[in-house]
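For reference, the structure is listed below as structure tokens.
Positions are given from 1, in the same order as the sequence printed here. In this text, all values refer to a predicted model and were calculated from it rather than measured experimentally.
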Amino acid sequence: MIRAFAGTFGRLPFAAKIAGRFLGDPMLLLGGKPLVGWQTVFTLPFRRMALVSDNATAEAVMLDRAGKFPKSTVLHALLKPLIGEGVFGQPGGDTVKETRRVLARALAAIPPAHIAEVTRTLTQEYMDGWLARKGAPAPVGVDLSRLTVDVVSVCTMGRRFTAEESQRFTDLFSIYHQRAKATLLLLAHADEATRARIIHELGLEEIGAEMRALMRERFLSAPLGRDGDEAIFSRALADAGYAAPGHDERALDEIAVMLLAGHETTASTLSWLCHVLAGDSALQDAAAQAVAAAPGTQVADDKSARFAGATGEDVLSALTQEALRLYPPIGFFLRENKEEVALENRTLPKDNFIVVAPRVLHRHRAYWKKPDTFWPERWLETPELPARTAFIPFGMGARVCPGAQFANIEMAEITRLLLTRLRFGLTAGAEPLPLGNLTSRPEPDIVLTVTPRAASASSAQRS
């Protein structure tokens, strides 16, 4: 019966869309068992899926030195309407390796000081917009997405969307993210025709086409790479021959990868962090006090100081690391095994799914103290990770995110400005986010109250 139900996803009108409302998050397949176990095998209608949390197996999958665990074709199918043949959705191969090298070299060539300067300038622009609302709720989640798209595009291509384009682009991405149901493709038959019908039914082609049109108009309307010294990524694509006349679809694919992968990690992490801080004013104030100190200055070692002995830089890093731990923007890495895999009590035949899930690893009971608690102090007190794969928000091995350093610089600068100049609060009736739910995800439209920190402190002193 389950197999027959799964088989209807690609055949009956609206079947995929209806099923997606109930099967939207692949983590719903997992339950709580993986948080305490090491290997769990799920029998799906047409294939099996093994979720592995033991360090040895997870490390073998992520490092994949022999090419036994390529990215799943499910990911390629879900992302193709948006990024085409962009490197992020490709299983592997020599072309992918070369493209990753092009991306990595281009990102490494951007001076960290330039990333920090651009981030500060653009962050101030968005903060001014929030403060202009005079205490009325501000669309912090949406604006953080727009801000991070702006930072990535200015630093890599020397230009950014207009305000209207930016709003439309992030709105479309939010819709795409909600509709791209990996679970449906995991449960359905793997033939290309079935997958194509599911993708069409979910409406991903239409959304992807509009997003690509926005990127083409903004970033390919002029010769690629001629926006001056700041257009490092654009120039790298041009030098690699990706923007040859009549063949710029390849360039558009990689621009889409850069904008989407480059902004989502940062925006998601910062949205979660802002919401957590808004629901915990004591943590917010302690962090702001530490971050506002002069560089290198340690928080005074007294009983009332939450981050005693740490510098502001330490606290910034601890906050973002803890947000990445609890709310990893990439919840799971989906691979396919091209050879039989020996598990603890059984084997996984070849051509099935094998999953390494940061959303599980980052909360695994054997790896972490207080696994469901937002506790940034762990990054100040614990010198080493319990296992190499216990914390992998950017992946690891050859497929590790080449923009990790960029993202860390960006997150640190944005968090510093937000903490030292603003105070966030939950809107009326809002509740702090539940921390123990594996399937919970950040709302795309997180709305918070925003006031100047200095004004808030003065008011508190007067009262």
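- The one candidate from R416, E410, M411 that meets the side chain to side chain contact (heavy atoms under 4.5 Å, CB included) condition with I414 is E410.
- Side chains of F424 and W130 form a contact here, defined as non-hydrogen atoms less than 4.5 Å apart.
- A 4.5 Å side-chain heavy-atom check between T194 and L185 finds every atom pair outside the cut-off.
- Listed for the R363 side chain is a donor-acceptor partner under 3.5 Å among the backbone atoms of L326.
- If you run side chain to side chain contact (heavy atoms under 4.5 Å, CB included) between T119 and each of L147, V151, I409, only V151 comes through.
- With T415 as reference, L316 is the one residue of L316, T123, V291, T420 to meet the side chain to side chain contact (heavy atoms under 4.5 Å, CB included) rule.
- Here the two rings, on W272 and F374, have centers that are 6.0 Å apart or farther.
- With hydrogens and angles ignored, the 3.5 Å screen pairs a side-chain donor or acceptor of N408 with a backbone N or O of A404.
- Between the side chain of D248 and the backbone N or O of A251, no donor-acceptor pair lies under 3.5 Å.
- When atom types are taken as modelled, the side chain of T148 and the backbone of L144 share a donor-acceptor pair closer than 3.5 angstrom.
- A distance-only check finds a donor-acceptor pair linking the side chain of R100 to the backbone of V400 [under 3.5 Å].
- The pair R101-E98 meets the salt-bridge criterion, since a charged nitrogen lies less than 4.0 angstrom from a carboxylate oxygen.
- Residues F69 and I354 have side chains in contact (heavy-atom distance under 4.5 Å, counting atoms from C-beta outward).
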Does the side-chain contact (heavy atoms from CB on, under 4.5 Å) test come out yes or no for Y327 and V276, once each step is laid out?
CA-CA 11 Å; Y327 313 110; V276 169; 3.8 Å; yes

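- In terms of modelled atom types and a separation under 3.5 Å, the side chain of R47 and the main chain of D351 share a donor-acceptor contact.
- Judged purely by distance below 3.5 Å, without hydrogens or angles, the side chains of Q178 and S174 pair a donor atom with an acceptor atom.
- Distance CG/L237 to CD1/I232: 12.5 Å, rounded to 0.5 Å.
- In this structure, the separation between CG on L204 and CG on L79 is 9.5 Å, given to the nearest 0.5 Å.
- P393 and I330 make their closest contact through O-CD1, 4.5 Å (heavy atoms, listed as atom of the first residue, atom of the second, distance).
- Salt-bridge check for R212 with E217: failed, with every basic side-chain N at 4.0 Å or more from each acidic carboxylate O.
- More than 12 heavy-atom neighbours from other residues, nucleotides or ligands sit within 6.0 angstrom of CD on E85.
- Note on R168 versus D171: no salt bridge recorded, every NZ/NE/NH1/NH2 to OD/OE distance being 4.0 Å or above.
- A cation-pi arrangement is absent between K71 and F333, since the terminal nitrogen or guanidinium carbon is not both under 6.0 Å from the aromatic centre and inside a 45° cone about the axis.
- Using a 3.5 Å distance cut-off with no hydrogens or angles, the side chains of R250 and T99 do pair a donor with an acceptor.
- The closest side-chain heavy-atom distance from S153 to F219 is below 4.5 Å.
- With salt bridges taken as basic N to acidic carboxylate O contacts below 4.0 Å, none links E322 and K370.
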Passes side-chain contact (heavy atoms from CB on, under 4.5 Å), F391 versus L361? Steps please.
CA-CA 7 Å; F391 183 69; L361 290 166; over 6 Å; no

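- With values rounded to the nearest 0.5 angstrom, L202 atom CG is found 9.5 Å from Y176 atom OH.
- For the pair R325 and W368, the cation-pi test (distance below 6.0 Å, angle within 45°) is passed.
- No side-chain heavy atom of L422 sits under 4.5 Å from any side-chain heavy atom of T451.
- Scanning both residues, F161 and L214, for their nearest heavy atoms gives CE2-O, 3.6 Å.
- In this model, a donor atom of one side chain and an acceptor atom of the other lie less than 3.5 Å apart for E336 and S72.
- Ion pair E201/R195 not flagged as a salt bridge, since none of the NZ, NE, NH1 or NH2 atoms sits closer than 4.0 Å to an Asp/Glu carboxylate oxygen.
- The two residues T265 and F394 have their closest heavy-atom pair at CG2-CE2, 3.6 Å.
- Atom CG of L220 is separated from atom CE of M157 by 9.0 Å, given to the nearest 0.5 angstrom.
- Without hydrogens or angle criteria, T73 side chain to H76 main chain gives no donor-acceptor distance under 3.5 Å.
- Around the NZ atom of K97, the shell of radius 6.0 Å holds no more than 12 heavy atoms that belong to other residues, nucleotides or ligands.
- Side chains of D128 and Q124: a donor on one and an acceptor on the other come within 3.5 Å.
- Between Q167 and T170, the shortest heavy-atom distance links the atoms O-OG1, 3.1 Å.
- Listed here is the closest heavy atom pair of L75 and L334: CD1-O, 3.9 Å.
- No donor-acceptor pair under 3.5 Å is formed between the side chain of E413 and the backbone N or O of E117.
- Side-chain atoms of H263 come within 3.5 Å of backbone atoms of L259 as a donor-acceptor pair (strictly under, hydrogens ignored).
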Worked verdict on R48 versus T43 for side-chain hydrogen bond (donor to acceptor under 3.5 Å, both in side chains)
CA-CA 5 Å; R48 297 179 188 175; T43 300; 5.0 Å; no

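- With hydrogens and angles ignored, the 3.5 Å screen pairs a side-chain donor or acceptor of E165 with a backbone N or O of T162.
- Between atom CG of residue L448 and atom CZ of residue R423 there is a gap of 13.5 Å, rounded to the nearest 0.5 Å.
- A centroid separation of 6.0 Å or more is found between the aromatic rings of H362 and Y367.
- Between D64 and R335, no side-chain nitrogen of the basic residue sits less than 4.0 Å from a carboxylate oxygen of the acidic one, so the salt-bridge criterion is not met.
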Check against side-chain contact (heavy atoms from CB on, under 4.5 Å), N337 and K68:
CA-CA 6 Å; N337 59 310; K68 298 178 182 179; over 6 Å; no

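- L252 is listed as a side-chain neighbour of M215, based on a closest heavy-atom distance under 4.5 Å.
- Nearest approach of M62 to G395, heavy atoms of both residues: CE-CA, 4.0 Å.
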Start with the C-alpha gap between V450 and R421, add the side-chain angles, then the distance that decides, and say whether side-chain contact (heavy atoms from CB on, under 4.5 Å) holds.
CA-CA 10 Å; V450 180; R421 301 188 183 182; over 6 Å; no

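- Side-chain contact check for K181 versus L78: every heavy-atom pair is 4.5 Å or farther apart.
- In the displayed structure, F88 atom CZ is contacted under 6.0 Å by at most 12 heavy atoms of other residues, nucleotides or ligands.
- Rounded to the nearest 0.5 angstrom, I446 CD1 and L426 CG are separated by 10.0 Å.
- Between S166 and R146, the side chains place a donor N or O and an acceptor N or O closer than 3.5 Å (distance only, hydrogens not considered).
- In this structure the side chain of M49 never reaches within 4.5 angstrom of the side chain of L348, judged on heavy atoms.
- With no hydrogens or angles considered, a side-chain donor-acceptor pair links Y126 and D150 at under 3.5 Å.
- Taking the six-membered ring for Trp and thresholds of 30 and 60 degrees, F46 and H189 have ring planes more than 60 degrees apart, a perpendicular arrangement.
- The closest side-chain donor-acceptor pair between Q321 and R378, if any, does not fall under 3.5 angstrom.
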